[in-house]
Amino acid sequence: MSDESTSAPNFIRTQVREDLEAGRNETVVTRFPPEPNGFLHIGHAKSICLNFGLAEQFGGRCNLRFDDTNPVSEEQVYIDSIREDVTWLGFQWAGEVRFASNYFAQLHDWACHLIRQGDAYVDDLNAEEIREYRGTLTEPGRPSPWRDRSPEENLALFERMRNGEFAEGEKVLRAKIDMASPNINLRDPVIYRIRHASHHQSGEQWKIYPSYDFAHGQSDALEGVTHSICTLEFEDHRPLYDWFLEHLPVPGRPRQYEFARLNLSYTVTSKRKLRMLVERGIVDGWDDPRMPTIAGLRRRGYTPASIRHFCDMIGVTRADSLVDIQMLYHAIRSDLEDNAPRAMCVLKPLKVVLTNVPDEHEEVFEVAGHPARSDMGTRQLPLTREIWIDTDDFMEEPPKKYFRLAPGREVRLRNAYVIRCDEVIRDAQGEVSELHCSVDFETLGKNPEGRKVKGVIHWVSAAHAIPVEVRNYDNLFQVEQPDRDRDVDFLEHLNEGSLEVVHAWGEPALADVSPESRYQFERVGYFCADRHDTRPERPVFNRTVSLKDSWAKAQKRQGS
RNA sequence: UGGGGUAUAGCCAAGUGGUAAGGCACCGGUUUCUGGUACCGGUAUUCCCAGGUUCGAAUCCUGGUACCCCAGCCA
């Protein structure tokens with residue numbers, strides 16, 4: 001990583017450091033273990049940064065392991081997208097990609113081991129019966145009538161399960177722990193179930209699949225993972241995680257640590273809900289720029305560094321929280337402020353005729369690509385008699401402190417001259433259709449004599465402007481916590497105005513942008529050429545985030 | 001009502017017995033050919049509440065309160 005890992009301390013980092021210093025571990029090994037049943041989102045980025053970050057900081061390693069124990073919900077496309085997203089974020093996993101399914105044979109052996117020890121049994125109860133026998137949060141469960149089968153019988157039955165002799169749901173293998181445990185996860189958890197399904201990695205090889213609990217810790221142990229980091233909802237599973245490691249001849253002793261998952265205001269971070277948005281066509285796919293997926297953020301224009309910076313800012317704790325989306329905006333603005341070249345683009349065009357510029361006049365300015373970075377070079381900016389300015393930069397009856405254009409007032413055309421508005425032209429409906437202005441040719445690179453012109457506006461030569469499709473994105477939801485209320489569907493909170501497409505006029509330098517290149521459209525915001533839809537001469541720009549606008553804020557404050 | 005967790009500013013979050021870091025947001029100001037950026041300054045007598053221990057408590061003790069997670073053959 002190129003960024004200076006200032007990385008604030010957090011309890012997991014502290015734990016790792018202590019373990020290393022105390023000699024409990026020689027090196028740190030972590031893993032990022034997604035299930036390939038959806039695209040990665042910003043919450044996963046937090047986990048990725050944590051796991052890979054730890055390995056990086058302490059000179060250890062981090063595996064990418066797909067937790068693929070449930071073939072019915074997983075697909076190859078998700079594996080591909082996840083690999084791409086992790087790589088794009090700037091991380092490199094140790095060695096080859098791993099799969100829990102790589103360990104199915106070993107896991108099966110260990111299941112047999114448990115049976116032989118008398119620690120697991122085949123249960124004939126169906127799903128509903130198992131639920132009934134499990135008891136409730138306040139009442140203990142009861143043992144299954146099949147709980148005391150002999151190891152021999154269990155082994156034989158389990159073998160037949162494996163051979164596909166039973167229907168799905170007919171039998172399961174359960175760990176024999178404690179049906180009266182106050183921790184429900186310890187009430188004889190199901191560790192193998194029958195699935196007559198084809199698996200994206202192992203094909204038709206297996207008819208039985210291990211549960212998450214039976215696969216995860218052992219996979220960690222097999223990979224030599226030292227610190228197995230997951231989210232808080234798995235905390236109650238830790239005793240089970242430990243139980244398997246203690247009852248099986250595993251080659252390692254990983255420890256599980258839990259942290260709070262990320263909640264971001266104005267978004268949902270649940271794969272289930274994100275999938276719903278995709279499947280119902282509410283968004284354009286998993287990588288729609290409004291999605292909080294890594295792929296969506298990428299398409300929106302976020303940089304890997306900005307996402308890493310964001311993860312750094314929010315910290316890692318065990319407290320539930322709701323992070324203000326402004327933090328994300330800040331992360332990308334601060335990156336692009338330094339690294340995005342500047343351009344001018346008029347989103348809501350208003351024609352201006354410069355009356356003292358001759359028809360055939362064409363003057364080309366060479367202007368900086370970035371105000372503070374000479375390494376970004378320069379661009380050619382032509383000026384002609386007719387130009388486009390933004391509708392918002394003109395007001396017939398300006399409020400006090402408005403220092404853009406108004407009848408009789410002056411303003412500077414960015415990188416060019418100061419102009420004065422002499423006349424307002426109207427169309428048949430009485431709407432302002434164009435402005436007649438005159439140029440003060442004494443103001444190039446210097447302030448006019450005897451008066452100060454405070455306003456600076458962006459503009460584009462009408463004769464040279466290139467058509468640009470601009471997609472202005474806003475939050476997908478209009479409330480801070482769309483899924484806060486259990487009784488109200490989160491889809492009720494959709495923001496109907498989350499996408500506004502506008503046909504803008506861009507300066508000539510924008511004609512041949514490459515997909516995914518990012519610009520600051522001066523005075524407007526940061527934009528990224530859409531990686532799918534941008535064509536030569538026909539750029540399509542996604543608004544990543546607007547520039548801060550203290551004028552708009554002040555106006556709003558006054559208005560309301 | 002069982003078990004497991006968490007409470008520090010509007011939002012994140014340091015802090016681990018010695019007198020409340022930092023970031024975001026917000027409010028002022030300076031600079032500015034982006035109402036952007038940068039820079040300067042302001043914003044918790046107080047750490048969920050109530051008692052207690054101590055010269056001294058956000059940190060220790062006791063008792064409360066609020067919120068989150070768990071009853072998939074999902075992960």
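Below, read A as the first sequence line, B as the second, and so on, with proteins coming before strands; counting in each chain starts at 1. What's counted below: heavy atoms across the whole structure, side chains too, no hydrogens, waters or symmetry copies.
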Write down the distance between [atom1] ([X]) and [atom2] ([N]), rounded to a whole number of angstrom.
X	N	atom1	atom2	result
A:Y257	B:U6	OH	P	15 Å
A:D393	B:G36	CG	P	14 Å
A:E480	B:A25	CD	P	15 Å
A:F259	B:U6	CZ	C1'	16 Å
A:R261	B:U6	CZ	C1'	16 Å
A:R373	B:A38	CZ	C1'	16 Å
A:R404	B:G35	CZ	C1'	7 Å
A:E522	B:G35	CD	C1'	14 Å

* Between the base of B:U37 and the side chain of A:R333, is there any donor-acceptor pair under 3.5 Å? ->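 Answer no: no donor N or O sits under 3.5 Å from an acceptor.
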
Would you call [X] and [Y] a salt bridge, taking side-chain N to carboxylate O under 4.0 Å as the test?
X	Y	answer
A:K176	A:D119	no
A:E223	A:R65	yes
A:R523	A:D392	no

* Asked: Could you write out RNA chain B as a dot-bracket string, with dots for unpaired bases, | for bases paired across to another strand, and Watson-Crick or G-U pairs counted at under 3.5 Å?
  -> .(((((((.[[[..)..(...]]].(((((.......))))).....[[[[[..)....]]]]])))))).....

Using a cut-off of 4.0 Å on non-hydrogen atoms, how would the nucleic acid contact of [X] be classed: base, sugar-phosphate, or nothing?
X	result
A:E258	nothing
A:F310	nothing
A:G445	base
A:R174	nothing
A:P371	base

* Of all heavy-atom pairs between A:V72 and A:A197, which one has the smallest distance, and what is that distance? -> CG1-CB, 4.0 Å

* Where do A:I457 and A:W459 come nearest, in terms of heavy atoms and distance? ->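 For A:I457 versus A:W459, the nearest heavy atoms are O-CD1, 3.6 Å.
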
* Under 4.0 Å protein heavy-atom contact, by nucleotide of nucleotides 70-75 of chain B - B base, S sugar-phosphate only -> BBSBSB

* Asked: Does A:Y133 have A:R142 sitting over its ring (NZ/CZ under 6.0 Å from centre, angle to axis within 45°)?
  ->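 Ring-cation test returns yes.
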
* Structure fact -> Which of B:U1, B:C33, B:G35 is nearest the side chain of A:R412? It is B:C33

* To do: Choose from B:C24, B:G35, B:G36 the nucleotide whose nearest atom is closest to any side-chain atom of A:W551.
  => B:G35

With the criterion being N/O to N/O and under 3.5 Å, what pairs connect the protein with nucleotides 13-18 of chain B, and how long is each?
residue, atom, partner, partner atom, Å
B:A13, OP1, A:T317, OG1, 2.7

Would you please say whether a donor-acceptor pair under 3.5 Å links the side chains of [X] and [Y]?
X	Y	value
A:N51	A:S47	yes
A:E35	A:Y78	no
A:Q256	A:E258	yes

Contact under 4.0 Å: [X] side-chain N or O vs [N] OP1/OP2:
X	N	result
A:K548	B:A25	yes
A:H330	B:C24	yes
A:K553	B:C27	yes

* **Pairwise side-chain hydrogen bond (donor to acceptor under 3.5 Å, both in side chains) hits with a residue in residues 321-336 of chain A, at least two apart** => A:T303-A:D335, A:Y329-A:N475, A:D335-A:N339

* Asked: Can you list every pair that meets side-chain hydrogen bond (donor to acceptor under 3.5 Å, both in side chains) and has a residue in residues 262-272 of chain A, with sequence neighbours left out?
  ->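 Pairs touching residues 262-272 of chain A that pass the test: A:N37-A:K271.
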
* Going by a 90° cut-off around 0, is B:G72 syn or anti? -> syn

* To do: Quote, to the nearest angstrom, the P distance that separates B:A25 from B:A20.
  =>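 Approximately 27 Å lies between the P atom of B:A25 and that of B:A20.
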
* P-based separation of B:C61 from B:G5 [nearest Å] ->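 Result for the P pair: 16 Å, nearest Å.
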
* To do: Measure up the A:F541 and A:F527 rings against each other and bin them: parallel (under 30°), tilted (30 to 60°), perpendicular (over 60°).
  => perpendicular

* A:Q481: side-chain hydrogen bond (donor to acceptor under 3.5 Å, both in side chains) partners, not counting sequence neighbours ->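 Scan of A:Q481 (side-chain hydrogen bond (donor to acceptor under 3.5 Å, both in side chains), adjacent residues dropped) gives none.
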
